[in-house]
Structure formats: C-alpha cells, structure tokens
Amino acid sequence: GLPREVIKWLQSLNLTHPIRNVRRDFSNGYLVAEVFAWYYPQDIQLHSFTNGASIQTKQGNWQQLERFFSKEKLDIPKEYIEGTVHCKPGAAHALLERAYTLLTHTVLHYLPAKNHPRDFSDSSYQSQLPPHARSTAAQAIKNNIASTELTTEPDRILCTQKAQAIMEAHAGQKRLEKEEFPRRFGLKPSKANSSGTSKTPGVAAATATITTTTKPVREVEVKQRHPAKVEA
C-alpha cells in the first residue's frame, strides 16, 4: 500500500472523490489532475478533464497531463503512466509516490524504485513460488497484459512485443527448471547435477585427453595376456 505520509498528504488535499481503491480511482487521471491543480492552479483547468471510465476518457485526460508534465519538466516515467491507465499492480502507487516527492520536495523513507518494478509485471511474485505453482505461458500473458491495452490501437504492436517477451522469459525459466529439477520432467540428471559439481572446459578437455590415451594401452595389455598363436 501507500506510505503513511503519502496517505496523509492526499487526505490534506480534500479531493472531490474519496480514495477507496488506488489502482481504480487514479486510473482515469482525473484525481491526478486534481492533485497537481493544487500546486499549479494556473496550468491545470479541471473543467477540461472528464471523470469517466472509458479508455477514450483516460487517454484524453492523460494526454493533457503528459503535456503538462513535459512543459513543467516533471519527471513522471512513461511506464508509471501506462501502468496506472491500465490498472497494473503497483503503478498508481509508484506514480503517487513520485508526485509526492516532486510536489512536496520530501524524500520518502525508502526507495520506491526498489519496491516497484518498472514493467509492473508479476515476475518477482512468480519467482517466489515453487516451480509447480508458477503460471503457464498463456496465464503469464493474461496476468501481465491488461484487456485495455488490447483495445488501444497504438498499443497493439507494443502488446505483441510484450507477449513475445513474456513467452521468451517463460521458455528461459522452463529451461532453468529442467536443469535444476530434471526428474520432475522425466529427464535423467546429468553427471554434473548428480554429483553437485560442474566440470569446467579445462577439466572436460583433460578428461577427454586421458580417455583417448588410455585406450591403446589397454589394447596392448589384452594382446600380452592372449598372445597370438604362431604357426609352425
């Protein structure tokens, strides 16, 4: 959730709508405009913003806010905005924390960047789960790409790229799981995994050299034990 100082700060602004769900309430940008209007009343005219839930309303409000951020040189990352629009977990929290720092010139007691990944995916949560409980590739795409992202025309190519990146990351994770838990996938563990050690290239090369040099010696020993019969 939001830090206590950010909650108290928002309550002190007397916003027109009570905050019940941070992800949903700040998604359309209207309350965000109200927050910045307290500090820039001449630059933000609330009558030009609409308090609605449609994707067109959200895009219209946020386009005005992005122009304002650019004009005033306020560092609000694009990832924070996109994540807030599409109700990504942690995105609205990160945006409000950044707004609090910029508008009050107060540093929070912790570093928000470490608590909120910039892509706002569930990768950190999935990494904490046991392998059998992690999402499939299809579920990972569903979890990390919001339905509103699919309805916005400019984002379709970006969504395709996101889906491809998610599938590649999932495939890479599966490869690591097969190496770490081969029996779970019906595979035989490699010698390196069963012994708990991995051979370095130098050791492997040395082993190969030893194997090739010992074969002729064994053949000589066999010939000495069973000498060929000499015809009279």
Side-chain angles (χ1 to χ4, degrees), residues 1-46 48-127 143-146 148-149 152 154-155 158-159 161-162 165:
L2 288 171
R4 181 177 299 179
E5 51 263 50
V6 177
I7 295 175
K8 290 183 177 180
W9 169 64
L10 290 173
Q11 292 173 343
S12 69
L13 299 178
N14 295 322
L15 302 177
T16 56
H17 300 282
I19 301 172
R20 296 188 177 90
N21 185 305
V22 175
R23 288 170 57 181
R24 184 185 65 245
D25 295 338
F26 288 89
S27 177
N28 65 5
Y30 186 84
L31 288 182
V32 177
E34 275 198 50
V35 169
F36 281 90
W38 274 90
Y39 297 86
Y40 297 89
Q42 301 300 324
D43 298 291
I44 293 183
Q45 306 297 323
L46 289 177
S48 63
F49 291 84
T50 305
N51 188 17
S54 67
I55 190 64
Q56 292 78 12
T57 297
K58 292 181 179 182
Q59 288 179 321
N61 289 345
W62 281 105
Q63 284 172 2
Q64 295 183 69
L65 286 170
E66 287 188 82
R67 288 195 295 269
F68 164 73
F69 295 153
S70 177
K71 175 185 174 183
E72 298 296 331
K73 296 181 172 56
L74 296 172
D75 183 20
I76 305 291
K78 181 71 173 179
E79 295 87 349
Y80 289 7
I81 296 174
E82 291 295 329
T84 302
V85 170
H86 300 299
C87 297
K88 294 292 185 71
H93 295 73
L95 188 142
L96 290 173
E97 289 168 3
R98 179 62 63 90
Y100 171 80
T101 301
L102 292 174
L103 296 175
T104 66
H105 305 287
T106 304
V107 179
L108 292 171
H109 296 309
Y110 69 98
L111 297 176
K114 292 185 178 181
N115 294 274
H116 302 296
R118 293 292 287 266
D119 60 352
F120 301 106
S121 66
D122 66 345
S123 57
S124 58
Y125 168 72
Q126 292 292 329
S127 64
N143 290 346
N144 294 291
I145 299 181
T148 52
E149 292 180 85
T152 52
D155 286 347
L158 181 60
C159 287
Q161 295 173 348
K162 287 181 180 178

Looking at Thr84 and Tyr80, would you say the former's side chain and the latter's main chain have a donor-acceptor pair under 3.5 Å?
yes
Between Lys58 and His86, is the side chain to side chain contact (heavy atoms under 4.5 Å, CB included) condition met? List the steps.
CA-CA 9 Å; Lys58 292 181 179 182; His86 300 299; over 6 Å; no
Strictly below 4.0 Å, N to O, side chains only: are Glu82 and Lys88 in salt-bridge contact?
no
Does the Arg98 side chain pair with the main chain of Asp75, one donor and one acceptor, at a distance under 3.5 Å?
yes
What closest approach, in Å, do Ala91 and Gly83 show between heavy atoms, and which atom pair accounts for it?
CB-C, 3.2 Å
Side-chain donor or acceptor of Asn61 paired with backbone N/O of Asn51 under 3.5 Å
no
Side chain to side chain donor-acceptor pair (under 3.5 Å) evaluation trace for Gln64 with Ser48
CA-CA 9 Å; Gln64 295 183 69; Ser48 63; 2.9 Å; yes
Close side-chain approach of Leu31 and Leu10, heavy atoms under 4.5 Å
no
Between Trp62 and Val32, is any pair of side-chain heavy atoms under 4.5 Å apart?
yes
Do the non-hydrogen side-chain atoms of Phe49 and Ile44 ever get within less than 4.5 Å of each other?
yes
Separation between CG of Leu74 and OH of Tyr39, rounded to the nearest 0.5 Å
12.5 Å
CD on Gln59 to CD1 on Ile55, rounded to 0.5 Å
5.0 Å
Ignoring hydrogens, what is the shortest heavy-atom contact between Arg24 and Cys87? Give both atom names and the distance.
CA-SG, 4.5 Å
Quick one: are Leu102 and Ile76 in side-chain contact, heavy atoms under 4.5 Å?
yes
Donor-acceptor under 3.5 Å (Asn28 side chain, Gly52 main chain)
yes
Should Trp9 and Val35 be marked as a side chain to side chain contact (heavy atoms under 4.5 Å, CB included) after you check the CA-CA gap, both sets of side-chain angles, and the distance that decides it?
CA-CA 10 Å; Trp9 169 64; Val35 169; 3.5 Å; yes
Please report the interatomic distance CD1(Ile19) to NE2(His17), rounded to the nearest 0.5 Å.
11.0 Å
Between Thr16 and Glu34, is any side-chain donor less than 3.5 angstrom from a side-chain acceptor?
yes
Of the non-hydrogen atoms in Tyr100 and Thr106, which two are nearest, and what is the gap between them?
OH-CG2, 3.6 Å
Can Phe36 and Glu72 be said to form a side chain to side chain contact (heavy atoms under 4.5 Å, CB included), step by step?
CA-CA 11 Å; Phe36 281 90; Glu72 298 296 331; over 6 Å; no
I'd like to know if Asp25 pairs up with Arg20 as an ion pair, taking the criterion as any Lys NZ or Arg NE/NH1/NH2 lying under 4.0 Å from an Asp or Glu carboxylate oxygen.
no
